[in-house]
Amino acid sequence: MCGIVGYVGPRDCSDVLVSALTKLEYRGYDSAGIAVFENGKIEVAKSKGRLSDLVEKMKKEGKPQGHAGIGHTRWATHGEPSDVNSHPHSGRRVTIVHNGIIENYKDIKQFLIENDRTEFLSDTDTEVVAQLLDFYYDGNPIRCIRKVLHEIRGSFALGIVFADRPETVYAVRCESPLIVGQGKGEAFIASDVPAIIKYTKDYYLLEYGEIAVLKNGSVSFCDFHGRMVEKELKTADWDEDSAEKGGYPHFMIKEIHEQPTAVKTTITPRIENGLPDLSECGITPETLKSFNNIFIVACGTAMHAGMVGKYVIEKLARVSVTVDIASEFRYRDPLIGENDLVIIISQSGETADSKAVLNLVKGTKAKTLAIVNVKGSSIAREADMVIYTHAGPEIAVASTKAYMVQLAVMYLLAFEMAYAKGRIDEEKCRQLTGELVKMPEVIEKTINSISTVCQFISTQLITADSLLYIGRGLDYALSMEGSLKLKEISYIHSESYAAGELKHGTISLITDGMPVIAVATQNSLLEKTVSNIKEVKARGAMTIVICDEKAEIDRDAADYMVRIPKISQTLMPMVATVPMQLLAYYTSVNKGNDVDKPRNLAKSVTVE
Ligand code: AGP
């Protein structure tokens, strides 16, 4: 997703903007630029490509010298990646950076052209907003911004500078997240906390419809109606190191290794006297007991965590659970009513499709529960209840530790709900919770024991054009995540498939040497899964089996095996996740891909 930054203060603004933008690179982008007040004029430097290309360009053409300005990394939505389409964009007296989408930009552009504003240089919706701001600008920035905000539609955040308001930066938030950092004698705007954590941990969350004015290192706020707003100053509970690689070659492998700590930090405050206790999230056994039907709605990896949650909650709590992709759920006119619980899972808490579901459900009698990693994010703040995962900042676009802690929360929820509903007794609940408490250690042991074999197997995958990930039951739910993890960073086409369903058509795809990765951790289904493995192997597939260390699998069934520690069937997904992550990681590394910032992808998809 695009990244916005801004600065007002005593430092070299260009350096601050570029430094802050580098901390947003994980969001994915294809061009970058800055606009800085220099000697009372707005100087713009921007280019297609990486931030390093922008820095090189400024070295050649001169770096804007000043102490106030805005910056941007662009993830193209309207108009191809190019110098001219990169941000910032300007009118005659106004320059802006933008994250999100302006849905009615064509109508606005037509209006401007009809009013003799025809000097458009780019194909972007952003430039249209800059020109509209300029069209209405009468010397009063707030009035001008408010007027424009009543005319544009879409999800967006803006950083704005007015040529006749030197050393002042304006910020506006609609849907796309934006924070305002407060340092000593300096102030910042940014799409996310990592951008400013080097300078300050103190920040304000800009709410929907609020405008911030940064001047002389201090900040003031008003709402769409121009009324002044007092805001609570928050403090980030992690530091710059947490968001750095810490000696690892990539954020993704660092975050895989952080999983034991992430799980421990997430579950410990939610376990009291050996039993799950979600009361710190405002969720009591009575609350959980009241739900007869659960919808889990999310996108991508978060949805896959929901799939595992479905199997576990239905098996233990005997409550019906349906799992939907957010972008589909909102259009299927779901039957949601009283005593229903809608769980929105989201690492970023800003995914537009998931947020849209929250808005849809708010009009019903159902309750909403957000399972979110980013504190204070939109989904977290708008849900009835929230369980924060404590994975820390997840920088790699491919989610790993966030998925793992989402699984952990699914288990806590399932155990407490099953116990509250009398489906399991205290002894069983205590036993399951005790196993969950051991998971950090088991995950650590798994990472250390299988990294080498995963590294080797990945060398057998890199030439594949396409592969299948298969499994049954919980293993099928897991295979969905294994498939996404692999394809999103290795660029090898991959599809997850219910192992038992292969024979109904898809097995026709099997060709000589085609990799088929089978997740086979559910002993109760092992025999059938092994039959499916043999079926594909008999047709030429190269079979890779992920199973527990005691699973009895014919050697002729598997070309390669990844054996993982054996724990209770219910919790095996948290262990089997590790080889899937490592296979994806090493395959991507071996293919020489940009592991942390895979092509076309963004860390948080804040557009629908
Ligand atoms: C996961 O590896 C992907 N980056 C992507 O599928 C992600 O899980 C999805 O976009 C949902 O994001 P969220 O959890 O922040 O809502």
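Atoms within each ligand, like the ligands themselves, are counted from 1 in listed order.
- We find that Glu314 and Lys310 are joined by a salt bridge, their nearest charged nitrogen and carboxylate oxygen being less than 4.0 Å apart.
- Lys201 NZ: more than 12 foreign heavy atoms inside a 6.0 Å radius.
- Pairs engaging residues 469-495 under the ring-ring contact (aromatic ring centres under 6.0 Å, His included) rule: none recorded [sequence neighbours left out].
- You'll find the side chain of Leu341 reaches within 4.5 Å of the side chain of Met385, heavy atoms only.
- Listed by first and then second residue, the ring-ring contact (aromatic ring centres under 6.0 Å, His included) pairs that reach into residues 367-390 come to none, sequence neighbours excluded.
- With sequence neighbours excluded, no residue satisfies ring pair (Phe, Tyr, Trp, His ring centres under 6.0 Å) with Tyr311.
- In this structure, ligand 1 sits under 4.0 Å from heavy atoms belonging to Cys299, Gly300, Thr301, Ala302, Ser346, Gln347, Ser348, Thr351, Val397, Ala398, Ser399, Leu484, Lys485, Glu488.
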